[in-house]
Amino acid sequence: MLDSQFSPPARAELEVSLFGPGYGEAVVLHIGQGKWLLVDSCLDPDSGQPASLKYLRDLGVDVGTAVELVVATHWHDDHVRGISSLFAHCQSAELVISSALRTQEFLTLASLHRGPSPIESSGLEEFSRALQTLKSRSPSRARFNPPKLAVTDKLLYREQIEVTLKPVEVTVSALSPSDASIVQAQLAFAELLAEEERSRKRVASPRPNHSSVVIWIEVANHRMLLGADLERTSDRKTGWSVILDESTITNDKADVFKTPHHGSENAHHERVWTDLLSDNPFALVSPFLRGAKPLPSPADVERLNRLTPHAYATSRTKLR
């Protein structure tokens, strides 16, 4: 990981950083005037700290006041390791999560009010701790301090920043999950509750992963598309298809693309590249190097290099 020896970006400078040591990823975005957005989290392998937190501290940033948003695109372990600690340090930040919770995340949320539920992964532990931090920040007389729930075409953040004495608008919007994805998640909850009356059998979460929060960012005339782990599906009301067919806010094309699901083929959609991205965009990939089939595969690397000469990975990919 990076031991930063750099100065923080200028107040009028846009900066996008992607961290990924081979397991996990984190996006750190400076939008101007010392304001920062953090998306997902991974751990720095040397210090064990959340990589985003270490990077900002190395730059001398006061994370308690400078971070505006912390976004958890979904609660898979490789996207949220350390995010509860990160959010706890970002005392003035809002927490954004997907509206399409998986069944175990739903149980964890419910446990805040009805008692403990089983924690089966470190991702769920991160989810639980982040919710507890939110609860501790509840206004007086409020029962709970809810996170901001991402849905299709929802504005998550808007700010005016000064760039060379000229105001510039910054907007951050969610492109997913879709209505269909949310309904599928809710049907899984209903199935779970019905199953609880018959047995203690665990109900599986919907597959493929179309609950991830895809983010569209505009800063003046610059646009970025952060693809999370959203996959291509056969249902045109979920995944990338519904964004391409129905989004009302992607009116121009992005120059920066955080490729979804570690550059894998099951998250690739040709129309994303023709409809949402400019020619030869910067494509950023965080490899997943665990398991029998590391990502991106050699075929994925070849495809990305064919689509743009500006494809970059956060760690060395395995080409054999």
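FYI, the numbering just counts along the sequence from 1.
- Remark: K54 engages D58 in a salt bridge, criterion side-chain N to carboxylate O under 4.0 Å.
- Inter-residue side-chain proximity for L307 and H268 is flagged as met; some heavy-atom pair is nearer than 4.5 Å.
- For the pair D229 (side chain) and H261 (backbone), a donor-acceptor distance under 3.5 Å is present.
- Judged by distance alone, the side chain of E218 and the main-chain N or O of R223 form no donor-acceptor pair under 3.5 Å.
- Scanning both residues, W75 and E126, for their nearest heavy atoms gives CZ3-C, 3.8 Å.
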With a 3.5 Å cut-off and sequence neighbours excluded, list the donor-acceptor pairs that the side chains of residues 145-152 form with protein atoms.
unit_1: N145; atom_1: ND2; unit_2: L134; atom_2: O; d: 3.3
unit_1: K148; atom_1: NZ; unit_2: E94; atom_2: OE1; d: 3.2
unit_1: K148; atom_1: NZ; unit_2: L156; atom_2: O; d: 2.9
unit_1: T152; atom_1: OG1; unit_2: P177; atom_2: O; d: 3.0

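- The ring-ring contact (aromatic ring centres under 6.0 Å, His included) search around W36 returns H30, not counting sequence neighbours.
- Taking both residues in full, the closest heavy atoms of A93 and F87 are given as O-CE1, 3.5 Å, listed atom of the first, atom of the second, then distance.
- Of the residues S211, S176, S181, S212, the one that meets the side-chain contact (heavy atoms from CB on, under 4.5 Å) test with S98 is S211.
- Residues forming a ring-ring contact (aromatic ring centres under 6.0 Å, His included) with H310 (at least two apart in sequence, or on another chain): F282.
- The heavy-atom pair separating G24 from P21 by the smallest distance is O-CD, 3.8 Å.
- Exactly one residue among V27, T314, V256 makes a side-chain contact (heavy atoms from CB on, under 4.5 Å) with L284. That residue is V256.
- In this structure a side-chain-to-backbone donor-acceptor pair under 3.5 Å is present from R232 to E265.
- F288 meets the ring-ring contact (aromatic ring centres under 6.0 Å, His included) test with Y23, H262; sequence neighbours excluded.
- Between I83 and V71, the shortest heavy-atom contact is CD1-O, 3.9 Å.
- Scored by the salt bridge (charged side-chain N to carboxylate O under 4.0 Å, His left out) test, E302 finds no partners at all (sequence neighbours excluded).
- When all heavy atoms of L29 and M224 are compared, the closest pair comes out as CD1-SD, 3.9 Å.
- The NE2 atom of H89 sits 8.0 Å away from the CD atom of Q49 when rounded to the nearest 0.5 Å.
- Ring pair F257/W240 is perpendicular by interplanar angle, where above 60° counts as perpendicular and below 30° as parallel.
- Under the 3.5 Å distance criterion, the side-chain polar atoms of H269 are matched with a main-chain donor or acceptor of R271.
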**Message:** With side-chain contact (heavy atoms from CB on, under 4.5 Å) as the criterion, how do V67 and L86 come out once you've worked through the C-alpha distance, each side chain's angles and the decisive distance to 0.1 Å?
**Reply:** CA-CA 10 Å; V67 177; L86 182 65; over 6 Å; no

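- In terms of modelled atom types and a separation under 3.5 Å, the side chain of S138 and the main chain of K135 share a donor-acceptor contact.
- Listed by first and then second residue, the salt bridge (charged side-chain N to carboxylate O under 4.0 Å, His left out) pairs that reach into residues 161-188 are R158-E169, sequence neighbours excluded.
- Looking at K237, its side chain never comes within 3.5 Å of a backbone N or O of V242 through a donor-acceptor pair.
- Formation of a donor-acceptor pair under 3.5 Å by the T308 side chain with backbone atoms of P281 is found in this model.
- Residue L304 is not grouped with residue L295 when hydrophobic side chains (ILVMFWY) are merged at heavy-atom distances under 4.5 angstrom, including chains of intermediate members.
- Of the possible donor and acceptor atoms, one in the side chain of D40 sits under 3.5 Å from a partner among the backbone N and O of T73.
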